[in-house]
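Here the structure is laid out as C-alpha cells; the discussion comes afterwards.
Lettering of chains follows the sequences in order, A, B, ..., and the numbering in each one begins at 1. Predicted, not measured: the structure shown is a model, and the values here were computed from it.
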Protein chains: 2
Amino acid sequence: MSEESAPKRARLDRRVIVDAILRLAREEPHARVTFKRLGEALGVDATAMYRHFRNKEELTRAALDRLSAIAVAEAEASGGGWRERLEAHLLRIAELSLEHPSIAAEGAILDPAGPGDVAGDEFVLARLSEAGLDGAELIRAYAAVSGFALAQSAAMAQEVMARRGAARDGSIPWISGFGSVELSDFPLVSRHRDALLAIDGMAVYRAGVSAILDSVA
Amino acid sequence: MSEESAPKRARLDRRVIVDAILRLAREEPHARVTFKRLGEALGVDATAMYRHFRNKEELTRAALDRLSAIAVAEAEASGGGWRERLEAHLLRIAELSLEHPSIAAEGAILDPAGPGDVAGDEFVLARLSEAGLDGAELIRAYAAVSGFALAQSAAMAQEVMARRGAARDGSIPWISGFGSVELSDFPLVSRHRDALLAIDGMAVYRAGVSAILDSVA
DNA sequence: ACCTGAACACCGTTCAAGT
DNA sequence: ACCTGAACACCGTTCAAGT
C-alpha cells in the first residue's frame, strides 16, 4: 500500500522487492511474474534483483513467507473455538493464494522455512492441541491439514494462471468438461455429471478441510 | 517396454509420443521434459510433435491421462472392501506420479477430461457409493479425496523435480529445516521439531487420505 | 556498494521449405 | 502427409563495466 504502481526509482532492498512482486501478482493475476516485469515496476534493470536475492526461488520463497505472515497475523486476532479459528485461517490462506496466483502457484514446491511459515505451523499446531491432540496424532493431523491447504491452494493458483477466464474467488471449474469421452461407459459419472461439473476449486478446498477436521473431532 | 531408449527413427503417432515422454520422465526424474529432448529420444526434430499435438499442454494432458488409465486398470483388478481398494488406488496414483515427476508435476493444473481420467473418477465414485454415500455427500467426498490426491501428488512430483537429492519413494522432507528462524518464539514447533522434520511427502499423503476416508466412514 | 546492459544457454511455438 | 530447420519472442542467470 505504501508504493504506487507507477515506475518509481526506489532504493532497493528485500522488503521493497517483495512488496513489488506481490503487488504485481495481485494486479496481473494471469501473467507470470518475471524479473523483467518486476524491474519495470520498480524502475530498475531486470538483473538488479540479483544483488538482493540469490535467485528467483529465494525471492519467491520470501514472498510466500510474507503471505503466510499476513494470514497468521489475522488469524491470531480472530476469536472462536479451535475449529472455527483454524478453518478461518486455512480459508484465508486459500484467498491470499487466489489473490496472488503467480506467487502462490509455487507454494507447494518451496518448503516453508521462513519466520512467517513457521508462525503458520505454530498456529495450526496450537489449534490442534486445543482440540486435544498430542504426539503422533498431532503430527499426523498437522501434516494432513497443512499439506492439503498448501497443495490445494497452489493447485488453485496454478489454475487461475493457466485458464484465462478463471475468477479470483476460487470459482474455477474443477472439471471443465468431459470432452469426447463416451460417458455411457461410466454410469456414476453420467448420473452425477452436472454435480461434478459444478464442483469448483474452493468447493474442493472446503470439502477437504471439513473432512480432515471432522476426523480430528 | 516395447521401445528402447536409443534414438530410433520411428513413425510418429500420439501413442508413440506419449510412450516416449513417459519413458523420458521415468528415466530422468530431475530433468524437465522438453520438446528438444523428446525429439532426440524419438530421433526426430523437436518441432515434429506439433503435427500430432496442438501444444505442450495437450501432450502433457495425454500423458497424464495414460497414467490415470494405468492406475485404474490395476485398481479394477484389485480385491477387498471399498476402503481398501480406494486407498490402494490413491496410493498407486501417488507412486505413478513419483515415477514420472516431470509429467505429474503438471497434474494439478490440467483438468482431467480424458478417458483414463474419467475412468478414475468412476472408480472413486463407485467405491464411495459402496461406502453408502449418495447425492451431495457423495460429490463432497469425491471432491475432497480426488482433489487431495491430485494436488498432493503433483506437489510431491514438483518437489522431486526441484530438489536434486529427492528420492522417488516419496521420502521427500516436507520441511527441510527451520533455517535462521528463532524457534524459541514458537513453543509447539520447538517441542515437536524432530517429528516435524521427519514428515515426508508420502506421510502427508497417507495422513490426508486416512483423515478424509475416516470422515467418510 | 549498487545498478546496468550485453551476453549466454535455454524454452515453446510458428512457418516456409523440403521430401 | 509428414518432418526439417531457421526464426521469433521470450525466460533466468552471469559478469564485466559503469557510477
Heavy-atom donor-acceptor pair, A:Thr34 side-chain to D:dG12 base, under 3.5 Å: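 Checked by distance alone, the answer is no.
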A:Thr47 (side chain) and D:dG12 (base): donor-acceptor pair under 3.5 Å: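 Per atom types, no contact qualifies.
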May I have the distance from [X] (atom [atom1]) to [N] (atom [atom2]), rounded to whole angstrom?
X       : N      : atom1 : atom2 : result
B:Lys36 : C:dG12 : NZ    : P     : 10 Å
A:Asn55 : D:dT14 : CG    : C1'   : 13 Å
A:Phe35 : C:dT4  : CZ    : P     : 14 Å
B:Met49 : D:dA1  : CE    : P     : 21 Å
B:Ile17 : D:dC3  : CD1   : C1'   : 11 Å
B:Asp45 : C:dA16 : CG    : P     : 17 Å
A:Arg14 : C:dC2  : CZ    : P     : 13 Å
A:Arg51 : D:dG18 : CZ    : C1'   : 12 Å

Nucleic acid contacts of residues 57-65 of chain A, taken as heavy-atom distances under 4.0 Å to DNA chain D: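 Output list: empty, so none.
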B:Pro101 and B:His30, any side-chain heavy atoms less than 4.5 Å apart: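 Not in contact.
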A:Leu128 vs B:Leu188 side-chain heavy atoms within contact, under 4.5 Å: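 No, every pair of side-chain atoms sits at 4.5 Å or beyond.
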For A:Arg66 against A:Val18, the heavy-atom pair lying closest together: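 So the minimum-distance heavy-atom pair works out to NH1-CG1, 3.1 Å.
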A:Lys56 side chain, from C-beta outward: closest of D:dT13, C:dT4, C:dT13: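 Looking only at side-chain atoms, A:Lys56 lies closest to D:dT13.
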Selection from C:dG12, C:dT4, D:dC11 that lies nearest to any side-chain heavy atom of B:Tyr50: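 Side chain of B:Tyr50 sits closest to C:dG12.
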Using a strict threshold of under 4.0 Å (side-chain N to carboxylate O), is an ion pair present between [Y] and [X]?
X       : Y       : result
B:Glu40 : B:Arg37 : no
B:Arg14 : B:Glu58 : yes
A:Asp19 : A:Arg15 : yes

Complementary nucleotide of D:dC11, counting Watson-Crick and G-U pairs under 3.5 Å: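 Because no pair has both required distances under 3.5 Å, D:dC11 counts as unpaired.
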Complement of D:dC2, any strand, by Watson-Crick or G-U distances under 3.5 angstrom: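 Matched D:dC2 with C:dG18 under the 3.5 Å cut-off.
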D:dC2 phosphate, OP1 or OP2, under 4.0 Å from B:His52 side-chain N/O: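 False: B:His52 side-chain N/O out of range (4.0 Å or more) of D:dC2 OP1/OP2.
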Parallel, tilted or perpendicular, as decided by the 30° and 60° cut-offs, for the rings of B:Phe148 and B:Tyr205: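 Correct class here is tilted.
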